Each structure stands twice: as structure tokens, then as C-alpha cells.
Amino acid sequence: MSAHETTLPADGLIAVVKRDCPTCTLTAPVLAELAARERLTVFTQDDPTFPESVPARVDDTALDVSHHLKIEIVPTLIRRVSGRETGRTYGWDRAEWERVSGVAGLGADLPAMRPGCGALNAEPGRLEDLLIRFGQTGLSARRVTFGEDEDEIEAMFERGWSDGLPVVPPTEKRVLRMLAGTTRDPKEVVGLCPPNLAELTVEKVAINAVMAGCKPEYLPVVLAAVEAALDPAFSLHGVLATTMFVGPVVIVNGPVRRQISMNARGNALGQGNRANATIGRALQLIVRNVGGGRPQEVDRATLGNPGKYTYCFAEDEEGSSWEPLSTDFGVARGVSAVTVFAGFGLQGVVDQKSRDPESLSRSMAESLKAIHNVKLAPACDALLVVCPEHERTFRQAGWSKARLLEELYRLCEIPGEQLVRGARGIEEGYPPSVAGTTRNKFRPGGLLIVRAGGSAGMFSGIIGGWSGGGFAGSLPVTREVKS
Amino acid sequence: MKVVLDPTAERSPSSRERLARPEQLAGLTVGLLDISKPRGDVFLDRLESLLSQRGVSVKRYMKPTVAKPAPLPLRQQIVGEVDLVVEGLAD
């Protein structure tokens, strides 16, 4: 029996009310009638003087009893017998009140039924406070206490929890709210996070999502991105540890993009959209904090790239005539999904003159062949981000995404003579035996196309990949977003 | 009391860890910071002579007043010039 159980009368009626609720004020005369007949204790959530007509009022403005009784609607009427609850009703429903109270003819002047109001203890914010106060959060992460005079933001920098920008303090309340964004158990292990192969729980994902600035509704997308990145095919350890530039690039498809107001259009790869910015950042913070992957430690990047703060955007499916990226990985159109790609930076494909698909695809192919080094083929996987005005040229000519890919692969076949060491005056390249052969810039399946960007500007982009592209390194991985 | 949840894998203590102490002083430069407390110089003079005898290079600094934290330019100067610092905290 809990402390609150002992404060409740073992036998009799209990009502929980608040003055702010019109149905509660409507039922005040009924409560007075019941109080005159038998033992009735009224717990008041907002105004301890309400209802004046009932003598046995208990101040429950702290909401402890309401929380213990799991009140969701006021008024709630409860019958207890020998310390056990035997009946309950909420709102005003004469027949129900008569059943619970055992008194006939209650509130003859009142309408037969009136819905109640939301209980204060169940309000967002208050509920979290009560769960924390009674130790019912179910959160198992270690609690870290800061000094009274310590600035939380500075304290988190000091502990090495930040990517270099301020992070949001992951208080119990914020983490509880974040976890409301998923139906998954906070204790569920999502996987082992490189480089330290530390157990990564849904709770730890939520904590880092809070720090990144995510809203709770972003959490399923963060979880999907984490699961994709932890797939061994993605090779997250290698992506982190490499001296090359890459980090996880997160591309979001499906209805969730609009549900959480992601940006797929103007400046899609830039700053300014909370979901784009914080989902990518959450993934990086998880690798840093849970996995222990930090620059100049296991992260051996020579230069890195600015996308290692965050690199996440949505595909503009509505504005595109092509199938979404996620469908290339077997996810049906209309299903929310996240694809992670080990990529870096952005190389522009500027072509403002081409008006036919042949010319434009040649422009794109020449730019693609420059990734890493013009002398390297295959070099790496790549993500070609096609802007709306460029896609229009293909669409008007009836080119599907598959057709464009086919053309780009054909154009990216490079004669070995151009690739051997010393050719074009560049030492980088392959042994002389490559002469006489043909090499493609990309492995089969290593060139991806996604459609994003603002309506004006003939500026597509190439996100280069890791030199260990493909099975030898990192494969793009797609995961459905689940609630 | 400000309480947050630990975002890490919890494999290290929750309190902030001190920087690791150098295993030896050879080749390092030691800063001696006088915080302007009486007789701090006596302590630091002695340290300087002991360190110098061992071939450790020493640089001396002084806070303008004991009552306030060291000014930022002084802290930045120390960070830029030495590998570790010894300061006398009380008289």
C-alpha cells in the first residue's frame, strides 16, 4: 500500500474535481447530496475551496492523489470498499453516478449527461513532473547533477558531450517527452554503436535527440537513421575512422517528411530547417557520446566536412516525376523511410545552357568523373542531387530516372589510357596494364539519384562518397520509419 | 539542483575527469603562477630552482590581484607558452 493509498478512505466515495471544469461545477449540488448521505471525500485539483457545499474537501493541488488514482477526466467518482476500488465513472452521466453511488434520482435538475474536462495531472508537462517526482519514469540512464552555480550549457561542453555547438540539456522531463514520440520501449537495444560497440538503447537515442534539438515527432526518423547506420553494410566504424571526408548523409522519403515539416526544396541541403538540422545532428551526437567516436581520436579525418555536424534532407517527391530514392532499395512509394549514405560535401553541377537530356547528362557525367580524382575509377559511390529545373529537362524528354542512370553509366566509362599513372601529367592512377581496358567511374549500384532543391536555378549537386565504396567499404542502407 | 541524463555509454565516471598528468617533465615547459598572495613567491622561487636544477624550463606569471580570477589575456598567454602550470593557492 503506497503512501497515498493510506490517505484514501478505505470505504466510501471519492470524487476528484476542479473548479475550472464546468461539468464539475454542474455536479457540485450532486456531490453535496451524496456527502449528506454517506462518506464522500472530494479531492480538488485547482481550488481547495471548491466545492463549498462539500465539507470533506482535500487540497490536491499538488496532484499526488490524482496521479496515484490515474485520473484522466474530471469529475471522476470512485467507490471504495475495504481499501479497494469497486467502481468508477467520469464526466456527468446520471445512470453511471447512480450505479457507482448506489443512490437513485441523483441531480434531477441536471441534464442526463455532460462530458467532463481533462484532469490537471494528465496535462503534458505536469504528468512528466509527477512521474519524475514519484520515480516512475522508467528511465535508467545515470543521473548527472550539475552544481547550482554551474551553467548547464557550459557544463555539457566541459564534459565533452557537444559537437562544438551548444546542446539542449537532457533533463528527465525533456527525455520523457522525447520518448513520447515513439511506442518503443526505452530499454530496447537498437544495436551496438561503433567505435566502442557500446549498447545503444532507445533511451540513449532519445537523450541525444533532446541534446540535438529534436522534437519528439522526429524520434522515429532518428531511430530509423540510427538503425540504418548501425547495419554492418554501412560500416559505421570505418566511416567514422577513415582519414577521408565522409560522414553519414541522411535522406528522408515518404509521408513523414511533410508530417515533420522537413525541407526538400529551396536550400534543402542548407541551414534553417529544424527537422533537417537536428535529425542529422542527433545521429552524429550518438556516435560521439554513446559510441565514443571523436575527432582526432578514433575519427581520423584529415579534413572532415561541415556535414559532420549534420547532413540530413528530404527528397522532393511531390515535385518530381521520378520514383523516390527509397524505392531503389525496395521500400514502396508512400512508405516513410530513411537512407544513410557515407558522403561528403557538395560539388556543384552548374549547367544553365543545356535544354536537351543528352547535353545535360554529359554535363553531369563530366562533373561526376571528377570526384576524388579524374584519374580514379571506380572512385567511390556518389549521390547526384538533381534540382527541379534540371529534372524538368529530363521529364520533358521523357527520361525516367533509370534512363538517366543508364546514360550516366555509359558516359562514365573511361578508357584505361586516361587512367594510367602519368597520363595527363598526373602521377595518380593505375598500372600500365589498365591501358587498353575500360573502367567505369562507379560500381554497379554505386550511383544514386535523388531530387531536391528550389524551383529556380540550374544547379544540381554531387555528394561524393568514401573510397571504400561498395562491398569493400560502405553500402547505402535504407530503413523504414516506424512509430 | 540541475539533473540531466547521461548521454554517454557510462563507461567513465560521471564527474569530470582531470587531465592526465605528464609522466615526466623532460622537454616540457612549466609555468609558475603567483596569485599575488603573500609569500607565494617564496614557494615558487624554491620550485623554480628545483625545476631548473633538473633542466626543466620555467616561466613565471603573476595575477594582478588575488581577489579576482586571472584576466583572460594572462590565461591565454599561459596556455600558449607552457605545458603545465603550478600555482600557490594560499599563504
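These numbers were taken from a predicted model, which means no experiment stands behind them. The sequence lines fix the lettering, A, B, ..., with proteins before strands; numbering per chain opens at 1.
- Counting heavy atoms from C-beta outward, B/D6 and A/W161 have side chains that approach closer than 4.5 Å.
- Going from atom CG of A/N208 over to atom OG1 of B/T8 covers 9.0 Å, rounded to the nearest 0.5 Å.
- Residue contact with chain B, scored on non-hydrogen atoms closer than 4.5 Å, involves the side chain of A/L139 exclusively.
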**Request:** Apply the test salt bridge (charged side-chain N to carboxylate O under 4.0 Å, His left out) to residues B/E10 and A/K204: give CA-CA distance (whole Å), side-chain angles for both, the deciding distance (0.1 Å), then the verdict.
**Result:** CA-CA 11 Å; B/E10 303 182 15; A/K204 289 287 181 186; 2.7 Å; yes
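- With hydrogens and angles disregarded, a donor-acceptor distance shorter than 3.5 Å links the side chain of B/K2 to the backbone of A/E150.
- For A/L197, the part lying near chain B is the backbone, with the side chain staying farther off; criterion is any non-hydrogen pair under 4.5 Å.
- Looking at B/R11, its side chain never comes within 3.5 Å of a backbone N or O of A/V290 through a donor-acceptor pair.
- When all heavy atoms are compared, the tightest approach of A/M211 to B/P7 is SD-CB, 3.3 Å.
- Counting heavy-atom neighbours within 6.0 Å of A/Q296 CD, excluding the residue itself, gives a total of 12 or less.
- Residue A/I207 holds its CD1 atom at 4.5 Å from CG of B/L5, rounded to the nearest 0.5 Å.
- Of the atoms belonging to A/V144, heavy atoms from both backbone and side chain fall under 4.5 Å from chain B.
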